[in-house]
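Here the structure comes first, spelled out in structure tokens, and everything after it is commentary.
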Protein chains: 2
Amino acid sequence: MTPLRGEFAFIDLLAKSVAGTPEALGLADDGGVLWLGDGRKLVVVADMLQAGVHVMENATAAQLTSKALRANLSDLAAMGAEPAFFLNTLCWPEAPDDAQMQALADMLVREQNRFGAALIGGDTILGQGPLTVSVTALGWANGPLLRRAGAKVGDEVWVSGTIGDGWLGLGVAQQNITDLPDADARFLRERYEYPSPRLALGVRLAPLAHCALDVSDGLIADAGHLAAAGGVQLCLDPQRVPCSPAARHWLSSQENRPQALEQLMSGGDDYELLFCADSTDHAVIMAIGSELDLPLQCIGQVLEGHGVMLGELKTELHHPQTSGFTHF
Amino acid sequence: MTPLRGEFAFIDLLAKSVAGTPEALGLADDGGVLWLGDGRKLVVVADMLQAGVHVMENATAAQLTSKALRANLSDLAAMGAEPAFFLNTLCWPEAPDDAQMQALADMLVREQNRFGAALIGGDTILGQGPLTVSVTALGWANGPLLRRAGAKVGDEVWVSGTIGDGWLGLGVAQQNITDLPDADARFLRERYEYPSPRLALGVRLAPLAHCALDVSDGLIADAGHLAAAGGVQLCLDPQRVPCSPAARHWLSSQENRPQALEQLMSGGDDYELLFCADSTDHAVIMAIGSELDLPLQCIGQVLEGHGVMLGELKTELHHPQTSGFTHF
């Protein structure tokens, strides 16, 4: 038996032994896809989240379910699909009272209206251990399917929004970061707890980008996934990585700022889209960002090789010291 | 706020507040359905299972995932759909070793081949608490959709296979039942751990039965669901409830046999199909059972009224003393 190491080794093992059907996309992407007779594609993704792992231990069922839904919608966005439906399974650690059930129902109504994804099924159980939620989201891809593989040497590497807020928000929630102004702390915690799936962007990128994924394991780790899937190297320029004002405030208080910036690039939970596109499409992509009122930043370049390098483009590069989150 | 009581009250609350889209089927069935442009229907179901609740505490990830998959396929069967794909999310309580990962992958290959459902996605996390699995299964319904609602006064009530084995198997696994011959104990435990989704039957029943569900909460509780959905009463004759030889051995050792029989009718985890059909279709249904080599037994009748009554048909009826399993 080949020795396995951790989460990605497990996915590789499954991909080799189980994922024979084309709909599985070799388990290489965030979900599977059904090609329907009427020319449409139905993308299906599933993620499990647990209190104490993906949200704070004392998070409510409504909070955890909201984040689980948004993480799944982010996976749909990364594949260029528009959300349509979702199913939600939930394990309560103890029997919920009326107020908890009402809060969950209210949240589901709110999120359903916000994202245009309708709850069509699920399951609730009473179990042991922390609150645990699994969401399956289904969405329509009417254009080409965005995949992790496809980066081409010479492509520009882009990221949406800002990087590091989710990780800083976790630090705020855990009271590891206590020296920020209240407004910054609130902003970062909101970014950690209620990520914004970049749905409109995903659909616009589908016919344009060569590859994409959503940044959940951390920018560097996820860039590594694009590099591996494409058989190329991604070179990222830390100085170009977009940070929110709150993250810049935090950065300015850090002694070793290059190292601190690398931490932001290694934290997870950004739920921004990372994608590669032809450099001739630079202006088109900038225009999409303006149109959607969502900053899009070119942060690097695709080179021959493998893995991720950090450095100012066309100058000396160095290997990142940290890496992203894996579950085991 | 309306007071809520338990699992079904929660589903009712969700159904009222969230399930506006036709694809949700009012959250009244085991899953949702997508009507596709090419005339096909895609049925989507999701169930979460946890070690210590749905399987023994010391069950392996492979065992739990197998049962979760089969429970979902049983939901597809109950709606008349043929399985096509599934997604699997799993929370490991501790980092799995190579052998555990390999065993899970091997099981997935086995089940995939057995049931014709291909893994197309999922997620694995490392968390706290017991092993927890959520499976989403997708299947094609090419005929009419089987639903919980639809029982008509005068219909016959049918059940497939045998009832009570799952509950007895749990008793064996928990060592609450220790006085059975080894072969019986093994059979019952197998029925508890590896339920058989009645997929071929579901497809055959779709154009014929007026309503159906799979027996997971217990025969009496699930008959109550059909009664409530149809606005009718289901009268079940305990003497007609089909029991396996192993269950009959256990029954014969019980002092109060009518009460013991009612326990078998209240235990969960049967994963047999319970359905109602016109009495003029009696012979057709018997023929389907013969063809599929799966005993189908007429166990009762649909009457005016509500709820479930037990009794020899056309004689005095009594309300069941016990009821099925609810999660909270």
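Reminder, nothing fancy here: chain letters follow the sequence lines and each chain counts from 1. Keep in mind that what you see is a predicted model, and the values were worked out from it rather than measured.
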Residue, of A:Asp29, A:Leu119, A:Asn113, that accumulates the most heavy atom pairs under 4.5 Å with chain B:
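Winner by heavy-atom pair count: A:Leu119.
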
So which of A:Leu90, A:Asp30, A:Leu25, A:Asp75 has the biggest tally of heavy-atom pairs under 4.5 Å with chain B?
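Heavy-atom pairs under 4.5 Å are most numerous for A:Leu90.
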
Please state whether the side chain, the backbone, both or neither of [X] comes within less than 4.5 Å of a heavy atom of chain A.
| X | answer |
| --- | --- |
| B:Leu87 | side chain |
| B:Gln112 | side chain |
| B:Val109 | both |

Just by distance, do the side chain of A:Asp123 and the backbone of B:Met48 share a donor-acceptor pair under 3.5 Å?
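Yes: the side chain of A:Asp123 pairs with the backbone of B:Met48.
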
Does B:Gln50 reach the main-chain N or O of A:Gln128 with its side chain, forming a donor-acceptor pair under 3.5 Å?
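Yes, because the side chain of B:Gln50 sits within donor-acceptor range (under 3.5 Å) of the backbone of A:Gln128.
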
Are more than 12 heavy atoms, taken from residues, nucleotides or ligands other than [X], located less than 6.0 Å from that residue's [atom1] atom?
| X | atom1 | answer |
| --- | --- | --- |
| B:Gln174 | CD | yes |
| A:Glu94 | CD | no |
| A:Glu193 | CD | yes |

Between atom CG of B:Asp47 and atom OG of A:Ser134, what is the distance when rounded to the nearest 0.5 Å?
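Going from CG on B:Asp47 over to OG on A:Ser134, the span is 11.5 Å.
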
State the CG-CG distance between B:Leu42 and A:Leu138, to the nearest 0.5 angstrom.
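So the gap between those two atoms works out to 7.5 Å.
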
May I ask you to test the A:Leu27-B:Ile120 pair for a side-chain heavy-atom distance under 4.5 Å?
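No - every pair of side-chain heavy atoms lies 4.5 Å or more apart.
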
With heavy-atom distances below 4.5 Å as the criterion, would you say the side chains of B:Phe85 and A:Leu34 are in contact?
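Counting from C-beta outward, B:Phe85 and A:Leu34 do come under 4.5 Å.
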
Which atom pair, heavy atoms only, marks the closest approach of A:Val53 to B:Gly127?
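What the structure gives for the nearest pair is CG2-CA, 4.0 Å.
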
For chain A, find which of B:Leu108, B:Thr136, B:Val45 contributes the most heavy-atom pairs closer than 4.5 angstrom.
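Top count of heavy-atom pairs under 4.5 Å with chain A: B:Thr136.
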
